[in-house]
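Note sheet for the following structure.
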Amino acid sequence: MIEACREIDGNTLWYVFGSVLQNQASPSDIDVLCISSDTSTLRKVRSRCADFLLNAPIHLRILTERQEQALEFIERTGAVNISQK
């Protein structure tokens, strides 16, 4: 899913958070965060991810950089950056 979205904009940042980071043998889902400064990019990411989200236990959160800063989402959730440049 992330690789497919990198074709849209290679500058988006990707994080995982939640139960997948808690060393559970089989987490119930995978929580993924996507951050970009551009709302147009985020709309395209949401659209590109739609099929993946229907077929896998993935919860996708999409935020602008400004929203993430206001919410302090990364800090509050302990999200881990999985972006590769």
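All heavy atoms count here, side chains included; hydrogens, waters and symmetry mates do not.
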Measure the spacing between [atom1] of [X] and [atom2] of [Y] and express it to the nearest 0.5 Å.
X	Y	atom1	atom2	result
Asp9	Ser40	CG	OG	9.5 Å
Leu42	Ser37	CG	OG	8.0 Å
Glu75	Gln69	CD	CD	12.0 Å
Arg6	Asn11	CZ	CG	11.0 Å
Phe73	Gln67	CZ	CD	11.0 Å
Lys44	Cys5	NZ	SG	12.0 Å

Review point. So, Asn81 versus Ser83: side-chain donor-acceptor pair below 3.5 Å or not?
Key: yes
Check your understanding: Under the side chain to side chain contact (heavy atoms under 4.5 Å, CB included) criterion, do Ile74 and Glu68 qualify, and how do the steps go?
Key -> CA-CA 7 Å; Ile74 295 168; Glu68 192 288 319; 3.4 Å; yes
Taking all heavy atoms of [X] and all of [Y], pick out the closest pair and write down the distance.
X	Y	result
Ala4	Arg48	O-NH1, 2.5 Å
Leu60	Met1	CD1-CE, 4.4 Å
Ser19	Ser28	OG-N, 4.3 Å

Practice item. Scan Ile8, Leu13, Ile62, Thr41 and name whichever one has a side chain to side chain contact (heavy atoms under 4.5 Å, CB included) with Ser36. Key: Thr41
Review point. Of Ile35, Leu63, Ile82, Val80, which meets side chain to side chain contact (heavy atoms under 4.5 Å, CB included) against Tyr15?
Key: Ile35
Exercise for review: Please step through side chain to side chain contact (heavy atoms under 4.5 Å, CB included) for the pair Asp31 and Val20, ending with a clear verdict.
Suggested key: CA-CA 7 Å; Asp31 296 302; Val20 75; 5.8 Å; no
